[in-house]
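Structure record follows, encoded as structure tokens.
So you know, we letter chains A, B, ... as the sequences are listed, proteins then strands, and number each from 1. Note that these values count all heavy atoms, side chains included, but never hydrogens, waters or copies made by symmetry.
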Amino acid sequence: MGTRIQNLANNFTTAGIVKAAAINNASVSGITSIPAGVGGALTLLSTQTASASASIDFTSGIDSTYDSYVFKFINMHPELDGGYFYVNFSTDGGSNYNVTKTTTTFKARHSEDDVTDVLQYVSGGDLTQETGNQPIALDGVGNASDESVSGYLHLFNPSSSTYVKHFIINSNADIGNANCVTSFVAGYCNTTSPINAVRFIQQSGNLDDGIIKMYGVS
Amino acid sequence: MGSIIQNAANNIGANGVFSSSALNNASLSGITALPSGVGGKLKLISTQTASGSASIEFTSGIDSTYDVYQFNFINIHPSIDNVDLTINFSTDGGSNYNVTKTSTFFWSYHDEADTTAQLGYASSNDLAQGTGNQPISSNPGFDNDQATSGYLHLFNPSSTTYVKHFISTSNSTEPADYSVNSFSAGYGNTTSAINAVRFSFESGNIDAGTIKMYGISA
């Protein structure tokens with residue numbers, strides 16, 4: 001007891017302030033929350049890792065807590081060669097992914113042999129008041145061991161019951177015939193119902209690998 | 001008193017270090033700031049909400065603290081149909097928004113009737129050493145569910161050496177039910193520090209919407 005008191009005293013400054021060394025948890029691992037406005041504005045809400053997954057669905061955490069959400073998809077690798085990587089949205093918690101969308105799509109493409117470089121609108125990738133899946137990468141993604149697609153999706157104010165729901169997507173993919181494809185996709189979910197679930201899925205086959213992280217932006 | 005000492009001693013290791021159970025504040029509610037480098041890299045600095053506002057101006061917080069600033073604009077709704085959302089910059093704290101700018105503007109658009117789908121440069125929306133407002137989002141409509149959302153990055157506004165680069169991406173619902181993905185970028189052609197940013201429509205008010213300013217730490 002006396003030794004502890006002496007050691008404790010050694011952990012105070014002469015002004016009576018507790019020294020940092022007196023606290024045994026420099027990583028503050030016991031802290032479960034911090035006040036609003038402290039720390040970063042980008043909060044990681046959920047991470048999902050594909051492993052022969054038919055789809056990756058985010059069915060919780062999309063609500064009025066944040067007025068925009070960012071999804072980062074990293075090295076999404078398809079089971080089958082040449083299929084499109086898609087996104088869709090739900091207003092019923094993921095029971096149905098069929099929100100009406102109007103979108104725009106364009107891409108820049110450059111081949112590894114430097115034969116092709118092009119910037120073009122992709123009319124086959126956009127949606128016109130359609131409920132189907134929206135291509136994220138505007139060419140089919142290769143399934144060679146080093147091929148995948150990465151990028152991010154920004155979804156604005158999904159819980160609004162007033163406005164349509166804008167989204168902006170930027171991605172890069174290496175496609176099967178040795179091309180780099182940078183895709184720009186944007187549009188809106190033409191509904192005033194809150195969006196509360198988001199699905200990522202391949203055109204056919206599974207997502208064999210890849211990570212998708214969902215962040216709330218405060 | 002004796003029991004308090006005894007209980008306190010139980011929360012101290014033999015080396016005089018407090019155990020984690022001795023700390024009673026798992027939410028850190030008393031903390032108002034974290035040291036540089038701790039927490040996320042995206043720091044919310046200011047939030048402004050429009051309500052019949054002629055403009056939204058950020059006249060404080062833009063300085064050398066951060067070398068990149070990000071503005072997220074969410075469901076910005078005009079009082080007048082079919083007007084561009086614009087930005088301008090100030091080097092005198094907001095007294096004058098008239099920084100000389102040279103910029104580019106291109107867009108991708110597609111309507112709900114599928115009559116037009118196009119990618120093109122919009123020469124009417126760029127500036128060539130102009131001091132006027134720079135469009136960042138093309139012509140949102142003022143129907144109840146129409147608005148524009150997007151983001152703007154402003155690089156190193158406090159530099160006294162370089163011109164000030166900016167890049168903006170947005171999506172709008174136009175009056176004739178077009179989805180318009182706008183890309184605006186350029187530079188404030190000044191070596192004076194930019195210390196204020198103004199958002200406004202080319203005419204009328206900003207009836208609703210939120211704009212958030214973030215600092216991005218290195």
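- The minimum heavy-atom distance between Ser179(B) and Gly187(A), with the atom names listed, is OG-CA, 3.2 Å.
- A distance of 13.0 Å separates OG of Ser149(B) from OH of Tyr188(A), quoted to the nearest 0.5 Å.
- Atom CG of Asp113(A) has more than 12 neighbouring heavy atoms from other residues, nucleotides or ligands inside a 6.0 Å radius.
- Contacts between Thr162(A) and chain B at a heavy-atom distance below 4.5 Å involve backbone atoms as well as side-chain atoms.
- With a 4.5 Å cut-off on non-hydrogen atoms, Glu112(B) touches chain A through its backbone and its side chain both.
- Other residues, nucleotides and ligands contribute more than 12 heavy atoms inside 6.0 Å of the OH atom of Tyr121(B).
- Residues of residues 83-99 of chain A placed with any heavy atom under 4.5 Å of a heavy atom in chain B are absent; none qualify.
- The residue among Asp143(B), Asn144(B), Ile45(B) with the most heavy atom pairs within less than 4.5 Å of chain A is Asn144(B).
- Of the residues considered (Asp126(A), Thr103(A), Leu119(A), Asn157(A)), Asp126(A) shows the highest number of contacts with chain B, using heavy-atom pairs under 4.5 Å.
- Here the NE2-CG distance, from His154(A) to Asn171(B), works out to 12.0 Å after rounding to the nearest 0.5 Å.
- Phe73(B) and Phe156(A) have their aromatic ring centers separated by at least 6.0 angstrom.
- Listed for the Asp114(B) side chain is no donor-acceptor partner under 3.5 Å among the backbone atoms of Thr128(A).
- Between Val180(B) and Thr104(A) there is no side-chain heavy-atom pair separated by less than 4.5 Å.
- Only the backbone of Thr105(A) comes within contact range of chain B, judged by heavy atoms closer than 4.5 Å.
- For the atom pair CG of Asp145(B) and CG of Asn190(A), the computed distance is 6.5 Å after rounding to the nearest 0.5 Å.
- Checked against the 6.0 Å centroid criterion, the rings of Tyr121(A) and Tyr109(B) do not qualify as a close aromatic pair.
- At a 4.5 Å heavy-atom cutoff, the contact between Gln120(A) and chain B is made by backbone atoms alone.
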Show your working on side-chain contact (heavy atoms from CB on, under 4.5 Å) between Phe106(A) and Asn181(B) and close with a plain yes or no. CA-CA 10 Å; Phe106(A) 69 96; Asn181(B) 188 195; 4.3 Å; yes
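- Side chain of His166(A) to main chain of Ala147(B): a donor-acceptor pair is present (N/O by atom type, distance under 3.5 Å, no hydrogens or angles).
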List the steps and the verdict of side-chain contact (heavy atoms from CB on, under 4.5 Å) for Asp177(B) and Thr102(A). CA-CA 9 Å; Asp177(B) 295 329; Thr102(A) 294; over 6 Å; no
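- With His110(B) contributing its side chain and Leu127(A) its backbone, the two residues share a donor-acceptor pair below 3.5 Å.
- Within the 4.5 angstrom heavy-atom criterion, only backbone atoms of Asp111(B) (N, CA, C, O) approach chain A.
- The distance from atom OH of Tyr163(A) to atom OG1 of Thr148(B), rounded to the nearest 0.5 Å, is 11.5 Å.
- Of the atoms belonging to Asn170(A), not a single heavy atom falls under 4.5 Å from chain B.
- When heavy atoms are compared at a cutoff of 4.5 Å, Tyr178(B) approaches chain A solely by way of its backbone atoms N, CA, C and O.
- Atom CG in Leu42(A) sits 6.0 Å away from atom CG in Leu42(B) (nearest 0.5 Å).
- Of the atoms belonging to Ser172(B), it is backbone heavy atoms, and not side-chain ones, that fall under 4.5 Å from chain A.
- The line from OG of Ser218(A) to NZ of Lys43(B) is 9.0 Å long, rounded to the nearest 0.5 Å.
- The heavy-atom pair separating Ile168(A) from Tyr151(B) by the smallest distance is CG2-OH, 3.5 Å.
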